[in-house]
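First up is the structure itself, then whatever we jot down about it.
For this chain, numbers begin at 1 and follow the sequence in order. Values in this document were obtained by computation on a predicted structure and should not be read as measured data.
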Amino acid sequence: MQVFNLDRKLVDDYESFARSFTDIRADDIRSRVDQIYACGQFWPEPLITINPCFKSGKGIAELVRCGTLHPRTADIFRIDGRPITLHRHQAQAVAKAAAQQSFVVTTGTGSGKSLCFFVPIIDAVLRAREAGEPARTRAIVVYPMNALANSQMKELDKFIQQSGLPPHLQPTFRRYTGQESETERAEVAQLKPDILLTNFMMLELLMTRQNLRDNEVMANAQGLEFIVLDELHTYRGRQGADVAMLVRRVRDRLCRDRPPICIGTSATMASEDQGAKNEVVAAVASRLFGAAVPPDAVIGESLQRATDQTITVAGLGRRLASAIDEPIPAVLTDEQLSVHPLAVWIEMEVGLQDGQSLTRRAPITLDAASSRLAAQTGGEPARCRHQLQAMLMLMSLPAHARGSSGSGAFLAFKMHRFIAGAGHVYATLRGAGQRRVTLDGQRFDPTDAGARLYPTYFCRNCGQEHHPVVLVNDAGVRRALPRSIDETPLDDPDGDEEAGYLMPEPENDPWFTFTGAPEDYPEEWTEPAGEGLRLRANRRNKQTPRLIRVDETGAVGMGGRNMWFLPGKFQLCPACGDQPPSQAREINKLAGLSAEGRSSATTL
């Protein structure tokens with residue numbers, strides 16, 4: 001499926017899912033919420049980034065020939081049967097490790113940062129195996145998320161399994177993150193894997209739990225040679241201080257004979273200003289590792305163009321406009337793409353910034369890129385968008401699908417989709433059609449002096465709006481003030497405050513018939529009384545909804561509109577008679593716009 005269609009389907013499906021939680025009865029609130037959803041506030045247009053080309057460094061075979069790497073390393077790090085050629089930053093990292101120097105790699109996403117530490121670690125393991133050293137854990141790699149550890153396990157396994165090395169020479173690795181069974185943990189302790197993949201919380205437990213198996217795992221790592229912190233930028237604030245202390249304790253316990261090589265990686269740090277970046281990153285790494293990491297040990301990325309470097313955007317002229325008017329061919333080889341006007345424009349206007357050196361551009365939306373292209377060519381923005389999508393998809397295809405040989409893309413791209421939970425509605429207490437409805441949590445409506453904004457929730461059965469409030473005495477005026485729905489109302493007969501809910505009485509709604517008469521209540525609220533009904537004793541006064549008038553400032557009295565005040569916990573919706581389970585939390589008895597107000601992001 002084309003990624004742009006997948007993105008649209010993802011958003012449509014999420015909108016359908018998110019909106020399934022709430023049915024809104026009031027026309028004006030429903031209309032306003034529809035407008036907010038339609039403007040894309042909760043899922044703005046995704047951002048586009050281009051995966052750049054990296055300058056090449058020495059290949060694994062060349063590093064073997066010069067003695068930097070063990071010969072067997074070339075058997076492991078192969079693609080399609082041939083030893084891989086490293087990017088320049090990867091080769092620099094291998095050289096730093098060979099010189100027993102700690103370092104930090106601050107290259108962007110998709111730059112192969114994991115090879116910057118796995119190549120030197122595997123090399124050290126192979127040298128130890130050849131020397132006949134006993135099995136022990138030589139490297140601990142710490143990930144901020146278990147998903148990263150799981151992904152790296154698959155990559156390591158892929159390289160090692162295709163190496164053809166005899167079993168006694170194959171490097172071993174295991175995960176110890178809390179996902180493992182007791183049998184798997186026992187295996188880790190017994191196997192003494194060369195590489196241990198974990199997270200900082202589990203490493204903390206391994207260091208502190210007085211558990212025989214944990215002690216065995218840590219004893220296996222005596223003489224630790226490598227400590228790796230992946231995604232270095234995640235360790236900040238209090239968590240950063242915790243990790244820094246943890247690393248110091250690990251070094252003190254496992255690295256007493258010689259200091260380990262400390263390696264950090266981070267894609268986020270690659271976006272910082274290059275001028276002072278190395279010094280800042282070096283200072284952060286030194287504090288985290290408790291070891292000196294000089295600025296010259298911070299390795300950045302070295303980029304190069306995939307398109308013809310002699311062609312500039314300014315020199316494209318009419319050829320670029322023609323590329324907008326003409327269909328994008330279904331087949332274009334790498335050589336043809338390297339001189340294609342639109343491919344050149346995308347790389348240099350969307351992907352790369354050409355300054356003293358090539359750097360990544362900030363992510364951009366497809367709309368913004370289309371507008372920029374339209375301004376430069378005089379084309380229609382919609383046509384420019386269509387052509388950009390078509391070229392992005394073509395350039396991301398493997399070479400063999402475009403008429404070339406090989407499996408690599410010419411210029412791959414990423415689409416970053418951000419999705420936010422809608423959260424909660426806030427509304428003033430004016431009449432329907434006059435009240436302000438917003439999703440911005442504020443105390444007062446900035447466009448209506450004195451009008452308070454109240455959090456608004458909806459009956460899960462009929463969609464009637466309800467406002468959690470507390471009635472207080474305010475300078476001689478009884479006033480309804482907004483309160484958090486998470487503040488459970490307490491029964492305090494001696495207090496002046498009374499918590500509950502305000503339900504605006506629906507206006508011009510023939511289906512609303514509640515008057516407060518006993519006949520309007522559910523059967524379990526009433527009991528026979530003579531020829532009629534009355535409320536049960538345990539329902540009278542303390543739980544009975546009562547009709548009051550409340551104005552836009554929250555003042556209770558003669559002004560404003562009719563409201564039903566529902567004292568205490570939410571037990572009954574007068575609009576439909578629904579009674580949520582009494583044991584449920586207040587936040588679960590009524591509905592907001594979505595199940596949660598959190599945000600998420602995904603990369604396609």
Side-chain angles (χ1 to χ4, degrees), residues 68-70 73 92-106 113-129 131 133-144 149 152 156 171-176 188 192-200 202-208 214-232 235 240-266 281-294 296-299:
T68 302
L69 293 177
H70 187 278
T73 309
Q92 291 171 333
V94 171
K96 288 287 185 185
Q100 299 297 303
Q101 296 178 15
S102 297
F103 60 90
V104 177
V105 181
T106 62
K113 289 184 293 297
S114 60
L115 289 182
C116 293
F117 53 84
F118 278 133
V119 170
I121 290 173
I122 293 293
D123 177 72
V125 170
L126 291 172
R127 292 178 186 274
R129 293 289 178 90
E133 296 183 15
R136 61 183 174 87
T137 298
R138 301 176 183 277
I140 293 179
V141 185
V142 182
Y143 296 95
Q152 290 304 314
L156 273 175
T172 57
F173 61 91
R174 288 295 184 272
R175 182 188 64 194
Y176 208 93
V188 172
K192 302 179 181 179
D194 300 304
I195 305 170
L196 188 67
L197 310 179
T198 188
N199 57 61
F200 74 90
M202 182 53 67
L203 184 56
E204 176 73 36
L205 291 173
L206 284 168
M207 288 287 293
T208 56
D214 292 344
N215 289 336
E216 289 177 350
V217 171
M218 297 311 292
N220 294 339
Q222 282 295 333
L224 189 70
E225 298 175 29
F226 296 89
I227 299 176
V228 181
L229 292 180
D230 194 35
E231 303 293 347
L232 204 65
Y235 304 116
D242 290 342
V243 172
M245 295 300 297
L246 172 61
V247 171
R248 284 161 173 77
R249 300 201 321 272
V250 169
R251 293 183 58 192
D252 182 64
R253 179 172 172 179
L254 303 178
C255 312
R256 294 183 178 180
D257 294 336
R258 67 173 184 176
I261 298 175
C262 298
I263 304 174
T265 70
S266 175
V281 172
V284 171
S286 297
R287 286 197 295 270
L288 278 171
F289 287 118
V293 180
D296 62 5
V298 178
I299 301 172

Item to check | Pairwise side-chain contact, Thr265 with Val104, heavy-atom cut-off 4.5 Å (strictly under) | outcome: no

Next on the checklist: For Gly264 versus Leu232, what's the shortest heavy-atom pair and its separation?
Outcome noted: CA-CD1, 4.2 Å

Checklist entry - Going from CD on Gln222 to CG on Leu254, what distance comes out if it is rounded to the nearest 0.5 angstrom? => result 5.0 Å

Checklist entry - Between Leu197 and Val142, is any pair of side-chain heavy atoms under 4.5 Å apart? => result no

Item to check | Contacts of Asp123 that satisfy salt bridge (charged side-chain N to carboxylate O under 4.0 Å, His left out) - sequence neighbours left out | outcome: Arg127

Item to check | Between Asp194 and Thr172, a side-chain donor and acceptor under 3.5 Å | outcome: yes

Checklist entry - How many angstroms lie between atom CZ of Phe117 and atom CD1 of Ile227, to the nearest 0.5 angstrom? => result 14.0 Å

Next on the checklist: Can you tell me how far apart CZ (Phe103) and CD1 (Ile261) are? Round to the nearest 0.5 Å.
Outcome noted: 7.5 Å

Checklist entry - Do the side chain of Ser286 and the main chain of Ala282 share a donor and acceptor less than 3.5 angstrom apart? => result yes

Next on the checklist: Is it the case that the side chain of Ser266 and the backbone of Thr106 share a donor-acceptor pair, with hydrogens and angles ignored and the cut-off at 3.5 Å?
Outcome noted: no

Checklist entry - Rounded to the nearest 0.5 Å, what separation is found between the CD1 atom of Ile122 and the CG atom of Leu156? => result 6.0 Å

Item to check | salt bridge (Lys or Arg N to Asp or Glu O under 4.0 Å): pairs with one or both residues in residues 244-258, sequence neighbours excluded | outcome: Glu204-Arg249, Glu225-Arg258

Checklist entry - With side chains defined as the heavy atoms from C-beta onward, is the minimum distance between Val188 and Tyr176 less than 4.5 Å? => result yes

Next on the checklist: Measuring only between side-chain heavy atoms, which start at C-beta, is Tyr235 closer than 4.5 Å to Val284?
Outcome noted: no

Item to check | Partner of Leu229 by side chain to side chain contact (heavy atoms under 4.5 Å, CB included), out of Val141, Ile140, Val247, Ile263 | outcome: Val247

Checklist entry - If you look at every heavy atom in Leu246 and Phe200, which pair is closest and at what distance? => result CD2-O, 3.5 Å

Checklist entry - More than 12 heavy atoms of other residues, nucleotides or ligands under 6.0 Å from CE of Met245: is that the case? => result no

Item to check | Those residues that, when tested against Glu216, pass salt bridge (charged side-chain N to carboxylate O under 4.0 Å, His left out) (two or more places apart) | outcome: none

Item to check | Spatial distance of atom CZ (Arg175) from atom OG1 (Thr198) [nearest 0.5 Å] | outcome: 10.5 Å

Next on the checklist: If I compare all heavy atoms of Arg287 with all of Ala244, which pair ends up nearest, and what's the gap?
Outcome noted: O-CB, 3.6 Å

Next on the checklist: As an exercise, state the distance from CG of Asn220 to CG of Asn215, rounded to the nearest 0.5 Å.
Outcome noted: 10.5 Å

Checklist entry - Does Thr137 use its side chain to pair, donor to acceptor, with the backbone of Pro193 at less than 3.5 Å? => result yes

Next on the checklist: Check this for me: Lys192, atom NZ, are more than 12 non-hydrogen atoms of other residues, nucleotides or ligands nearer than 6.0 Å?
Outcome noted: no

Next on the checklist: One pair to check against side chain to side chain contact (heavy atoms under 4.5 Å, CB included): Tyr143 and Asn199. What are the steps and the verdict?
Outcome noted: CA-CA 5 Å; Tyr143 296 95; Asn199 57 61; 5.5 Å; no

Next on the checklist: Is the shortest side-chain heavy-atom distance between Lys96 and Ile299 below 4.5 Å?
Outcome noted: yes

Checklist entry - Between Pro171 and Val125, which heavy-atom pair has the shortest distance, and what is it? => result CB-CG1, 3.9 Å

Item to check | Phe289 and its side chain to side chain contact (heavy atoms under 4.5 Å, CB included) partner, picked from Cys262, Ser102, Pro259, Pro260 | outcome: Cys262

Checklist entry - Between Lys113 and Glu231, is the closest basic N to carboxylate O distance under 4.0 Å? => result no

